[in-house]
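Following: one structure in C-alpha cells, then a few remarks.
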Amino acid sequence: MAANSGRGTYAVPEGPTAYVPVVHGCNKFCTYCIVPYRRGREKSRPMDEIVREVAYLTAHGVREVTLLGQTVEAYGHDLPEQPDLGDLMRELSALDRLHRIRFLTSYPKDMTRRILEAVAELPKVMECFSLPVQAGSDDVLESMRRGYTTAEYLEKIAEVRQLMPAAGITTDIIVGYPGETDADFEQTAALLEALRFDKVHVAAYSPRPGTIAWRKMPDDVPHSVKADRLHRVEEIEGRISRELNERLIGTTQEILVEGVKNGQPFGRTRSGHLVHVDVPARVGSLLDVHIEHAGAFSLRGAPVDALLLA
C-alpha cells in the first residue's frame, strides 16, 4: 500500500521501524561481489528528498529509520554540495517524531573521523556499526580487492571504540576464498578472538557468475575445508557473543519495542542487541529494560518503569 506525501509517493509503514536507501550502487569492485555490475556506480539521493521521506514515515508512526547503502558512508560524494553521512544524520535528527537513526553497511575507508564524531555526538544516532572485514589475512584481502590492510582495519575499530566505548560492532567473514590457506584462515580466527565482535555473519565462499573471482580465480578450497572453517567461526562467534551478552546482565538498556513474537515484545538496544521483554509492552514505545538473562543471540528482561506498559 502506498500514499501520496504531497511531494512524492511512499509506502505506508507497517511498524515503528523502516529502512531508507540513501545511496545506491557501489564503486569498490571487490572481486567476489556482483553489486557494481547489477546496480551500477554509487549514486546518492538528494538530502532534501530523504528528509521528506523520513518526515512522512514519522508522521505515519515510524520511530526508527535505518539508512541503507552498499557502502553507506559513501553517501554524498557524488552530490554537488558533497554532504557526508554525518550531515544527513544532523538533518534527520532535527525531526521531532524521529527517535532513532541506524545505518548500514559500513566500509572502513569511507568511515571518516567526521562521520564517527557525528555518530558519537548525536543522541538519536545509535552506536551500532556493521563493518565487514571479510578476512584477517592481508593476502586474502588483497585478492578480494578490499582496499585496506588488517592494520588499517584495526585502526578503524580502535577509533570507533575510543569515541564510543559501548558501541556494538558486527562484521562479515567469508571463509574458503580462492587461495585461502590454513595459515590465512588462522589469521582470521585470531582477528575474531582479538576484536570480539558482537556478532559475526559468516559465509562459505561460492562463485557468483559475472564477478572477477568467478572469471579469473579457481574455486580451489574443498567444500569440507570450507565447512570446517565456517563451523570454527560459528563456534568463536557464539562463545564471544554469549560472553559479551552476559556482561549486560544487571544493566538497564533502552530499547524501542519493534513488535511482538509468540506473545513476547522485542526490540534492540542502542548497540543493536536483541532484547525480549517479559511483560506486555506497547509496540513503538521506548522502554528502559533491566536485563536479567542472556544467551548467545539475545537478552531478556523487564521494564524498569511500569507506567510505560500497554
Side-chain angles (χ1 to χ4, degrees), residues 15-17 19 63-64 66 99-100 102-106 126-134 136 157 160-161 164-175 188-204 226-306 308-310:
T17 64
Y19 291 96
R63 297 296 174 259
E64 174 184 294
T66 299
H99 293 164
R100 287 177 154 201
R102 297 186 187 274
F103 56 99
L104 56 88
T105 301
S106 295
M126 303 296 98
E127 306 89 350
C128 185
F129 296 83
S130 173
L131 189 57
V133 64
Q134 304 299 5
I157 294 292
V160 170
R161 288 178 169 162
M164 293 159 279
I169 306 176
T170 67
T171 199
D172 296 353
I173 293 289
I174 297 173
V175 297
T188 295
L191 183 84
L192 297 179
E193 295 281 8
L195 293 183
R196 297 177 62 81
F197 294 101
D198 292 88
K199 187 170 183 59
V200 177
H201 304 278
V202 58
K226 291 180 182 179
D228 288 344
R229 291 175 183 174
L230 185 143
H231 293 151
R232 172 95 174 273
V233 170
E234 290 177 333
E235 182 278 323
I236 293 171
E237 189 271 336
R239 169 170 48 81
I240 291 174
S241 292
R242 180 179 294 275
E243 291 170 358
L244 294 177
N245 282 347
E246 287 175 348
R247 292 182 182 181
L248 296 176
I249 294 175
T251 66
T252 297
Q253 301 290 325
E254 180 195 78
I255 73 163
L256 173 72
V257 181
E258 299 178 20
V260 178
K261 185 174 183 179
N262 298 325
Q264 193 169 44
F266 65 88
R268 288 178 294 162
T269 68
R270 292 182 63 90
S271 57
H273 294 87
L274 177 64
V275 178
H276 298 284
V277 184
D278 283 337
V279 295
R282 187 178 69 254
V283 173
S285 63
L286 284 170
L287 295 182
D288 287 328
V289 178
H290 182 262
I291 304 302
E292 299 169 347
H293 302 279
F297 306 109
S298 65
L299 305 165
R300 184 161 58 85
V304 173
D305 188 351
L308 292 177
L309 299 182

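These values consider heavy atoms only, across backbone and side chains, with no hydrogens, waters or symmetry-generated copies.
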- Minimum heavy-atom separation for G301 to V289, with atom names? C-CG1, 3.6 Å
- Query: Heavy-atom distance under 4.5 Å between the side chains of V257 and P16, does that happen here?
  - Reply: no
- Message: Quick check: do T188 and V175 have side-chain heavy atoms less than 4.5 Å from each other?
- Response: no
- Pair R100 + E254: basic N to acidic O under 4.0 Å: yes
- Roughly how far, to the nearest 0.5 Å, is CZ of R270 from CD of E127? 4.0 Å
- Item | Shortest non-hydrogen contact between V283 and G259, atoms and distance | CG2-CA, 3.9 Å
- Task: Mark yes or no for whether S285, through its side chain, and L287, through its backbone, hold a donor-acceptor pair below 3.5 Å.
- Result: no
- Message: How long is the straight-line distance from CD1 of I174 back to CZ of R229, given to the nearest 0.5 Å?
- Response: 13.5 Å
- Message: For a side chain to side chain contact (heavy atoms under 4.5 Å, CB included) check, start with the C-alpha distance between V233 and V200, then their side-chain angles and the critical distance, and finish with the verdict.
- Response: CA-CA 8 Å; V233 170; V200 177; 3.9 Å; yes
- Enter the distance from H293:NE2 to H276:NE2 here, rounded to the nearest 0.5 Å. 12.5 Å
- Just wondering, do E193 and I240 contact through their side chains at under 4.5 Å, heavy atoms? yes
- Message: Is any side-chain heavy atom of T66 closer than 4.5 Å to one of T17?
- Response: no
- Just by distance, do the side chain of D198 and the backbone of I169 share a donor-acceptor pair under 3.5 Å? yes
- Query: Can you tell me if N245 uses its side chain to pair, donor with acceptor, with the backbone of G295 under 3.5 Å?
  - Reply: yes
- Message: Can you confirm whether L256 sits close enough to R268 that some side-chain heavy atom of one is under 4.5 Å from a side-chain heavy atom of the other?
- Response: no
- To the nearest 0.5 Å, tell me how far T170 OG1 sits from L131 CG. 8.0 Å
- Message: Please enumerate all residues that pass ring pair (Phe, Tyr, Trp, His ring centres under 6.0 Å) together with F197, with sequence neighbours excluded.
- Response: none
- Query: For the atom pair NZ (K199) and CG (L244), what is the distance rounded to the nearest 0.5 Å?
  - Reply: 12.0 Å
- Between R63 and G284, which heavy-atom pair has the shortest distance, and what is it? CG-O, 4.0 Å
- Under the side chain to side chain contact (heavy atoms under 4.5 Å, CB included) rule, what do L299 and E292 come out as? Steps first, then yes or no, please. CA-CA 8 Å; L299 305 165; E292 299 169 347; over 6 Å; no
- Which distance, rounded to the nearest 0.5 Å, do you find between the CE of M164 and the OG of S271? 12.0 Å
- Heavy-atom pair of closest approach, residues M126 and F103: O-CE2, 3.9 Å
- Of the non-hydrogen atoms in A204 and L230, which two are nearest, and what is the gap between them? N-CD1, 3.5 Å
- Heavy-atom check, side chain of I255 versus side chain of V277, under 4.5 Å: yes
- Query: Is there a side-chain contact between L192 and E237 (heavy atoms, below 4.5 Å)?
  - Reply: no
- Message: Give me the atom names and distance for the closest heavy-atom approach of C128 to G272.
- Response: SG-CA, 3.8 Å
- Message: Taking V133's backbone N and O only, do any of them form a donor-acceptor pair with T171's side chain (distance below 3.5 Å, no angle check)?
- Response: yes
- Query: Would you call E243 and R247 a salt bridge, using N to O less than 4.0 angstrom?
  - Reply: no
